[in-house]
Amino acid sequence: MIKTKLPVQEKEINEQNKLVTTKRQIDVEIDTSLFAEERWEQNFPHNAKNETLFAYVERIRKAGLMESKAHILSNLKALYCFLESKELPDFKSFLKLFDLADAEYLTRLVDKIKFVFEIALQTATADEKN
């Protein structure tokens with residue numbers, strides 16, 4: 001597994017009734033094993049009945065949807081399947097880590113998604129050659 005960090009933001013109202021944003025990163029590992037496909041099938045059976053996780057990522061890459069902020073939920077589904085972390089107990093908890101109202105943060109998140117997908121696709125290509 002490949003260790004990396006995932007940017008997340010948390011917001012709260014402080015004692016002065018002001019919105020406070022805390023940016024942090026969580027440690028994650030990129031998992032391109034068969035377990036990623038298992039998470040895909042378990043969490044997204046509707047998608048999994050039509051294509052594998054790697055086929056899904058390849059399709060959205062070819063369609064140019066990796067860079068699309070409008071398709072962020074679709075990208076996050078696949079991203080979730082490739083990541084392992086103690087801080088990601090389930091998909092709903094995973095989604096709650098992201099604040100899509102912040103354009104700068106969203107850009108960093110999309111960049112991280114593209115990075116993880118590139119790693120996953122490189123691994124898949126290397127595995128096919130073996």
Side-chain angles (χ1 to χ4, degrees):
M1 288 203 234
I2 302 161
K3 294 181 180 185
T4 189
K5 299 202 180 275
L6 186 65
V8 296
Q9 288 189 171
E10 296 169 337
K11 292 183 178 181
E12 66 180 340
I13 305 291
N14 67 13
E15 293 82 30
Q16 293 81 31
N17 285 329
K18 293 189 179 186
L19 183 64
V20 177
T21 301
T22 304
K23 296 179 182 183
R24 66 181 183 100
Q25 296 186 12
I26 61 172
D27 294 325
V28 295
E29 293 179 333
I30 301 171
D31 178 4
T32 58
S33 73
L34 192 55
F35 191 59
E37 189 68 35
E38 163 70 11
R39 281 192 297 267
W40 176 247
E41 290 180 4
Q42 291 300 311
N43 288 284
F44 311 106
H46 177 73
N47 296 90
K49 76 176 182 180
N50 296 318
E51 59 193 337
T52 67
L53 173 60
F54 287 95
Y56 177 82
V57 170
E58 183 65 25
R59 180 174 58 79
I60 62 176
R61 183 189 65 81
K62 285 182 180 177
L65 300 180
M66 277 188 197
E67 295 82 12
S68 171
K69 293 172 185 166
H71 293 90
I72 194 76
L73 184 59
S74 296
N75 291 329
L76 286 173
K77 285 180 181 180
L79 181 66
Y80 175 73
C81 295
F82 285 120
L83 298 181
E84 265 299 305
S85 175
K86 293 175 184 170
E87 295 190 58
L88 306 175
D90 57 43
F91 186 60
K92 288 181 181 183
S93 299
F94 174 69
L95 289 179
K96 290 178 182 179
L97 292 172
F98 307 108
D99 178 6
L100 303 182
D102 182 332
E104 176 189 328
Y105 168 74
L106 190 55
T107 298
R108 287 188 301 132
L109 179 59
V110 168
D111 289 344
K112 182 56 79 168
I113 290 169
K114 289 182 345 189
F115 170 76
V116 171
F117 288 175
E118 287 170 17
I119 296 292
L121 292 174
Q122 286 172 3
T123 303
T125 301
D127 287 348
E128 287 176 9
K129 293 177 184 175
N130 292 333

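Numbers here simply count residues along the sequence, with the first being 1.
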* Asked: Which class fits the ring pair Tyr80 and Phe94: parallel under 30°, tilted 30 to 60°, perpendicular over 60°?
  -> tilted
Inset, instruction - For residues Phe82 and Ile119, determine if any side-chain heavy atom of one lies less than 4.5 Å from a side-chain heavy atom of the other. - result: no
Would you say Leu88 and Leu97 make side-chain contact, with heavy atoms under 4.5 Å?
yes
Checklist entry - Under the 3.5 angstrom rule, does the side chain of Lys77 hit a backbone N or O of Asn43 as a donor-acceptor pair? => result no
- For the ring pair Phe44 and Phe91, is the centre-to-centre distance below 6.0 Å? yes
Is Val20 linked to Tyr105 within one hydrophobic cluster, defined over Ile, Leu, Val, Met, Phe, Trp and Tyr using a side-chain heavy-atom separation of less than 4.5 Å?
-> no
**Message:** Any non-hydrogen side-chain atom of Glu84 less than 4.5 Å from a side-chain atom of Arg39?
**Reply:** yes
Check your understanding: Between Leu95 and Leu73, does a side chain to side chain contact (heavy atoms under 4.5 Å, CB included) hold up when you go through it step by step?
Key -> CA-CA 9 Å; Leu95 289 179; Leu73 184 59; 3.9 Å; yes
Next item on the list: Is it possible for you to say whether Leu34 and Phe117 belong to one hydrophobic cluster, with membership spreading through side-chain heavy-atom contacts below 4.5 Å?
Entry: no
Heavy-atom closest pair (Glu37 atom, Leu53 atom, distance to 0.1 Å) is OE1-N, 3.0 Å
Q.
Test of understanding: clusters of I, L, V, M, F, W, Y form through side-chain heavy atoms closer than 4.5 Å, transitively. Do Phe35 and Leu83 belong to the same one?
A. no
In terms of heavy-atom contacts, Pro7 and Gln25 come closest through CA-CG, 4.2 Å
* Is there a side-chain contact between Lys23 and Glu104, using heavy atoms and a 4.5 Å cut-off? -> yes
Correct closest heavy-atom pair for Ile13 and Asn17 would be CG2-CA, 3.5 Å
d(Leu79 CG, Lys112 NZ) to nearest 0.5 Å is 9.5 Å
Heavy atoms of Asn47 and Tyr56 approach each other most closely as ND2-CE1, 4.0 Å
Beyond-backbone contact of Asp31 with Glu29, side-chain heavy atoms, under 4.5 angstrom | no
Between the CG atom in Asp111 and the CG atom in Leu106, the distance rounded to the nearest 0.5 Å is 10.0 Å
Heavy-atom nearest pair, Phe54 first then Thr32, reads CZ-O, 3.9 Å
| field | Side-chain touch Ile113/Ile72, heavy atoms, less than 4.5 angstrom | value | yes
Output yes when a side-chain donor or acceptor of Ser85 lies under 3.5 Å from a complementary backbone atom of Asp27, and no otherwise. yes
One should read off an interatomic distance between Leu19 CG and Glu12 CD, to the nearest 0.5 angstrom, of 9.0 Å
